Novice: 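Have a look at this one before I ask anything.
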Number of protein chains: 4
Amino acid sequence: MAPKRVDREARREEILSAAVRVFARRGFAATRIEDVAAEAGIAKGSVYLSFGSRDELLAAAFARLAERSADVLAHASAQGAPAVERLASLVRAAVAMLADEPDLTRVMVDLWAAGRHGGAAAPLDMASVYREYRGAVADLLRRAADEGDLRPGVGEPEATVVVGAIEGCLVQWLMDPGVRLDGLAGTVVEVCLSGLRAEGGPTGP
Amino acid sequence: MAPKRVDREARREEILSAAVRVFARRGFAATRIEDVAAEAGIAKGSVYLSFGSRDELLAAAFARLAERSADVLAHASAQGAPAVERLASLVRAAVAMLADEPDLTRVMVDLWAAGRHGGAAAPLDMASVYREYRGAVADLLRRAADEGDLRPGVGEPEATVVVGAIEGCLVQWLMDPGVRLDGLAGTVVEVCLSGLRAEGGPTGP
Amino acid sequence: MAPKRVDREARREEILSAAVRVFARRGFAATRIEDVAAEAGIAKGSVYLSFGSRDELLAAAFARLAERSADVLAHASAQGAPAVERLASLVRAAVAMLADEPDLTRVMVDLWAAGRHGGAAAPLDMASVYREYRGAVADLLRRAADEGDLRPGVGEPEATVVVGAIEGCLVQWLMDPGVRLDGLAGTVVEVCLSGLRAEGGPTGP
Amino acid sequence: MAPKRVDREARREEILSAAVRVFARRGFAATRIEDVAAEAGIAKGSVYLSFGSRDELLAAAFARLAERSADVLAHASAQGAPAVERLASLVRAAVAMLADEPDLTRVMVDLWAAGRHGGAAAPLDMASVYREYRGAVADLLRRAADEGDLRPGVGEPEATVVVGAIEGCLVQWLMDPGVRLDGLAGTVVEVCLSGLRAEGGPTGP
DNA sequence: CATGAATGAGTTTTCATTCAT
DNA sequence: CATGAATGAAAACTCATTCAT
């Protein structure tokens, strides 16, 4: 009976992985349950032994992403280094996570679409995920300011831009795989934290 | 014949606007031709007098967006002011365009989704749109560096981040309307161009 | 627009009639929407222009039956003749109605089945139909007793048996078409009202 | 080997009883094999060790009913009392049987439905059951007439009405549990055999 | 041109039945 | 024998698209 639990869960993961691969390839909208089954090497009906509906597959993909995001945030909050560095680490970890799971990352756009309207079942609370990212980043920004490494007054709006920079690069990569995600983390840190202006150059826009 | 052309075009625009409104509300996936017709106050079949298919409606929405983007870029390249300022103007114009057309902006996520896979007819060349934005921004970044306002060596990667910052904030707003787009442009300019580091603070990451 | 209403209604009736024919032939459980469409000479999807679901077809059949029943009862209550005679008329009218619509009558058993459990949509309030029949019969029984034609004390239980006699003969006809419905009304009246006992024979069981 | 046979048979009966309970509750159409298995406390596949198919379960329920009916008829034909009394006994026995097995009785409507069309395997020969009932009743009616207790000329048609009265009351009870089956037997006997007309009242309709 | 009824391909979902463990 | 995961046939229902009026 113990193995049952394991098998059930393992099978669920297998199917979900297959689903994520197909979603990444064809997009959620164009993916039929049968495509997922074929990718997983099982019969159509078997998908329903692990997932209640097509939408539940997308919800599960979201859950996987949310879990990865939570991991990233958990690691980020555990250190004792200067806040700027911890912030840089957070950005790097977030990008690394996306790069580690390119298929899940490619599904992101479908999660956004499903998050905005609702496929009944799970509301896909995308909002929370970003809220937590922003919160963590804003917190580190403020600490870094306190530590004198960033200018005073930074907060939520700046955090939105930092988080946005990552997601926005992601969008460009999704639309045009020619855009590289490689150096992304470094560039984001550089641009957002160090700034682009010349040493001694003008301060404001 | 002239009025015919005008009428045809006007009707097409009316329907497209109706479609964009519904797409913004329900999402493209959940929008049926009949919903668009109802929103436009016409009969289902009449939509087909202006658009060849459901996908063509989305393609037209994309075209509208692409057109607005082109306008933004056209304006940006016409001035004689310092490049940093022109860059700031470009960011502001891009954000203003999105804010001016919130419904079209809300459809963006569906355009991204359709851009990534093939919605039959028009491939929705999202890639080009962002490529042009990046090109324009990268160009201005380099000029600004030449003019001594930004540090040397800035280019495509930095442009990707700047463009990404805008799109990424947009994503957050789409997921969570609580996020404000108001001051966005200013913050993006501030963060990306001026940088967040304290005056005299550390230079690199 | 007026013709629209008529056409819509006429089309609905046509489809319903087709459905009743197929239900009578194959039974509701074994009838696919496509069978109904084929019988009506239209396409599957067109059935859905008039009926929201398969169950709605059965509900509509029930409505038709309920309507016919109401007609029967309405006529029965309109006369000035002696109550026994009006009762006999009621029985005859009820049987005549069933004989007039043999297909609808054959569907009865499916309506009973659906009435006992519920195909969501319409609860198929079979109970009311029989309640009204019993009420009308009980009423006439009491009047006839008052008029001295029937023994005193007759009421609901006897009405249940009278109504039951009709339905029960129907059941036997449904199971075995060899059973004739022809003289049924007469026999029911004879058995129930006049009784089977010999003149001057024993009174009670 | 003997115990094997017994066990097999006992298990079959257990499952059948479970099936009848579920059929009574949900109706045959809405009952899945899994529901039956759950009610019987066994696994889905195990049902197939005793029954070849879902329809066979219904057929078995029919067989159980047919068996009970045969018992009723067997007892009825064994006595030496006056035919009217034996007839009254038969009616009472038939009603008592139904009252003893309310779930099986509730399944009746599904048996009727299945009897009228072909549920594959066994044709559920409902017709015979009623034919035998009618035969027995007609026989007793004729004897009672011969014995001078009922008027001459009674036969099949009257038997159909007597049998029908029982089944028809059953139908009303099925549709509306508020209808009581308690005094039913007595009322049927009273109405059909003694008649409702006032002593010395009019003879015919 | 405008309409909306008609069509039928396409999908999801269910569930009886099988069979390896 | 018992089990329940796996299968895939079957059906309901949807909706883009067409076209007669």
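Everything numeric in this text was worked out from a predicted model, so none of it was measured. In what follows, chains carry the letters A, B, and so on, assigned in the order in which the sequence lines appear, proteins first and then strands, with residues in each chain numbered from 1.
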Novice: Given atom CZ of C:Arg8 and atom P of E:dG4, what is their separation to the nearest angstrom?
Specialist: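 Value for this atom pair: 11 Å.
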
Novice: CG of C:Asp55 versus P of F:dA11: gap in Å, rounded?
Specialist: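 Atom-to-atom, C:Asp55 to F:dA11, this comes out as 16 Å.
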
Novice: State, yes or no, whether a side-chain contact exists between A:Lys44 and A:Val36 at a heavy-atom distance under 4.5 Å.
Specialist: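 They are not in side-chain contact.
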
Novice: With both distances kept under 3.5 Å, what pairs with E:dT21, Watson-Crick or G-U wobble?
Specialist: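 Pairing partner, where one exists within any strand: F:dA2.
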
Novice: Regarding B:Asp35 and B:Arg32, does a basic nitrogen lie under 4.0 Å from an acidic carboxylate oxygen?
Specialist: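 A salt bridge is present here (some side-chain N lies under 4.0 Å from a carboxylate O).
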
Novice: Give the rounded distance in Å between these two atoms: CZ of A:Phe51 and P of E:dT12.
Specialist: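 Between P of E:dT12 and CZ of A:Phe51: 15 Å.
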
Novice: Which whole-number value in Å describes the distance from B:Arg54 CZ to F:dC15 C1'?
Specialist: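 Going from CZ in B:Arg54 over to C1' in F:dC15 covers 9 Å.
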
Novice: Start at the 5' end of DNA chain E and walk down; is the nucleotide closest to D:Arg32 or to C:Ala43 reached first?
Specialist: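 Looking at the nearest nucleotide for each, C:Ala43 comes out on the 5' side.
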
Novice: On DNA chain F, compare the nucleotides closest to C:Gly52 and A:Gly45; which residue's is nearer the 5' end?
Specialist: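 Its nearest nucleotide being more 5', the pick is A:Gly45.
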
Novice: Give the rounded distance in Å between these two atoms: CG of A:Leu58 and P of E:dT12.
Specialist: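 Whole-Å distance recorded here is 13 Å.
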
Novice: Hey, is CD on B:Glu34 packed in by over 12 heavy atoms from elsewhere, all under 6.0 Å?
Specialist: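 Not more than 12 within 6.0 Å, no.
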
Novice: Give the rounded distance in Å between these two atoms: CG of D:Asp35 and C1' of E:dT14.
Specialist: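 Value for this atom pair: 12 Å.
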
Novice: Does any N or O donor sit under 3.5 Å from an N or O acceptor when you compare the side chain of C:Lys44 with the base of E:dG10?
Specialist: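 Pair found.
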
Novice: Using whole Å, report how far CG of C:Leu57 lies from P of F:dA11.
Specialist: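 These atoms are roughly 16 Å apart.
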
Novice: Under 4.0 Å between a Lys/Arg side-chain N and an Asp/Glu carboxylate O for A:Arg8 and A:Glu13?
Specialist: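 Between A:Glu13 and A:Arg8 there is no salt bridge, as every charged N stays at least 4.0 Å from the carboxylate O atoms.
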
Novice: At 4.0 Å (heavy atoms only), tell me whether C:Ile33 reaches a base, stays on the sugar-phosphate, or touches nothing.
Specialist: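 It contacts sugar-phosphate atoms only.
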
Novice: Please report the distance, rounded to the nearest Å, between CD in C:Glu34 and C1' in F:dT14.
Specialist: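 These atoms are roughly 15 Å apart.
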
Novice: With nearest nucleotides of DNA chain E determined for A:Tyr48 and C:Arg11 from heavy-atom distances, which residue corresponds to the more 5′ nucleotide?
Specialist: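 With A:Tyr48 and C:Arg11 compared, the 5'-side residue is C:Arg11.
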
Novice: Measure from the side chain of A:Ser46, starting at C-beta and using heavy atoms only, and say which of F:dA5, F:dA6, E:dT3 lies closest.
Specialist: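 Between F:dA5, F:dA6, E:dT3, the one nearest the side chain of A:Ser46 would be F:dA6.
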
Novice: Should the pair B:Arg54 and B:Tyr48 be classed as cation-pi, given the thresholds of under 6.0 Å to the six-membered ring centre and 45° from the axis?
Specialist: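 No - B:Arg54 does not lie over the ring of B:Tyr48 by the 6.0 Å and 45° rule.
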
Novice: Tell me the partner of E:dG10, counting only Watson-Crick (N1-N3 plus N6-O4 or O6-N4) or G-U wobble (N1-O2 and O6-N3) with both under 3.5 Å; none if nothing fits.
Specialist: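 By the stated definition (distances under 3.5 Å), F:dC13 pairs with E:dG10.
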
